[in-house]
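Contents: one structure, followed by commentary.
For the numbers below, each heavy atom of this structure counts, side chains included, while hydrogens, waters and symmetry mates do not. In this text the structure is predicted, and so the values were computed from the model without any measurement.
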Amino acid sequence: MLKKNLIALLATALIGATMGGCPDIELEDVLEELEININQVVSDVQTIDPRSNDLILLGDAADTVVVIEDNADVIVDIRDQLVVEELLDINLIGFENLTGFDVYLVFLVDGIEQGVFVFDGETLLLEYPCIEQLQLLAEEDYDPFTGEFLGDFDLSGLNYFNGDFFAAPQDFYCGDALILTIDPIAITAEADLIDLR
């Protein structure tokens with residue numbers, strides 16, 4: 001149902017744009033609807049870019065290195081940063097942290113290793129040009145108040161494949177948001193899909 005609503009909304013916006021209607025308002029509506037849908041699925045969106053100078057890491061956490069591919073964007077405001085005309089050509093990767101700790105995640109995007117901090121109770125959103133594969137490697141947990149290292153977990157084997165490039169398995173497609181929830185009990189990641197189209 002969510003997918004049909006978003007497709008209908010996007011189609012309406014594009015028809016309005018080609019007929020000389022009020023495309024700015026309609027395109028803005030698409031992004032507003034998308035923001036509402038994402039906010040219904042995830043916890044608070046993380047508003048601090050992990051690469052930012054505003055990121056202050058304490059204790060053991062200060063020794064970690066944040067690495068995000070150059071062609072990726074940290075999304076802190078869906079309506080201001082996403083572009084409707086590009087939604088079919090991107091993947092939005094979300095890391096939702098429900099562990100009770102600040103976590104440092106190490107993962108591969110199309111074979112390129114990256115590492116990010118996701119704060120307790122928040123969801124980090126990363127926009128990539130359409131990706132083929134996402135592989136989780138490791139999770140490190142840190143005390144959110146002191147930065148003390150609490151433990152790490154092997155997440156290898158948690159792989160997600162784009163059905164536009166692989167016949168099977170098909171975990172997501174270009175134009176999807178793939179939300180991975182890091183769960184404190186199962187120490188695993190479960191994927192939710194949101195169609196951006």
Side-chain donor or acceptor of Glu148 paired with backbone N/O of Asp60 under 3.5 Å: no
Worked verdict on Val74 versus Arg51 for side-chain contact (heavy atoms from CB on, under 4.5 Å): CA-CA 9 Å; Val74 176; Arg51 302 168 291 194; 3.4 Å; yes
Any donor-acceptor N/O pair, Asp176 side chain to Leu178 backbone, under 3.5 Å: no
Exceeds 12 heavy-atom contacts within 6.0 angstrom, atom CD1 of Ile36: yes
Value rounded to 0.5 Å, distance of CZ in Phe101 from CZ in Phe145: 11.0 Å
Test item: Asn97 side-chain N/O and Gly121 main-chain N/O as donor-acceptor pair under 3.5 Å: no
Which atom of Arg79 lies closest to which atom of Glu32, heavy atoms considered: CD-CA, 3.7 Å
Backbone N/O of Asp120 and side chain of Asp102: donor-acceptor pair under 3.5 Å: yes
Residues Asp154, Ser156; criterion side chain to side chain donor-acceptor pair (under 3.5 Å); working and verdict: CA-CA 6 Å; Asp154 182 5; Ser156 58; 2.6 Å; yes
Glu140: which of Leu105, Thr64, Leu150 passes side-chain contact (heavy atoms from CB on, under 4.5 Å): Thr64
side-chain contact (heavy atoms from CB on, under 4.5 Å) between Ile182 and Glu96, intermediate numbers included: CA-CA 6 Å; Ile182 311 300; Glu96 181 180 33; over 6 Å; no
Aromatic contact, Phe172 with Phe161 (centres under 6.0 Å): no
With Ile90, the side-chain contact (heavy atoms from CB on, under 4.5 Å) member among Leu82, Asp73, Ile131: Leu82
Gln135 side chain vs Gly157 backbone, donor-acceptor pair below 3.5 Å: no
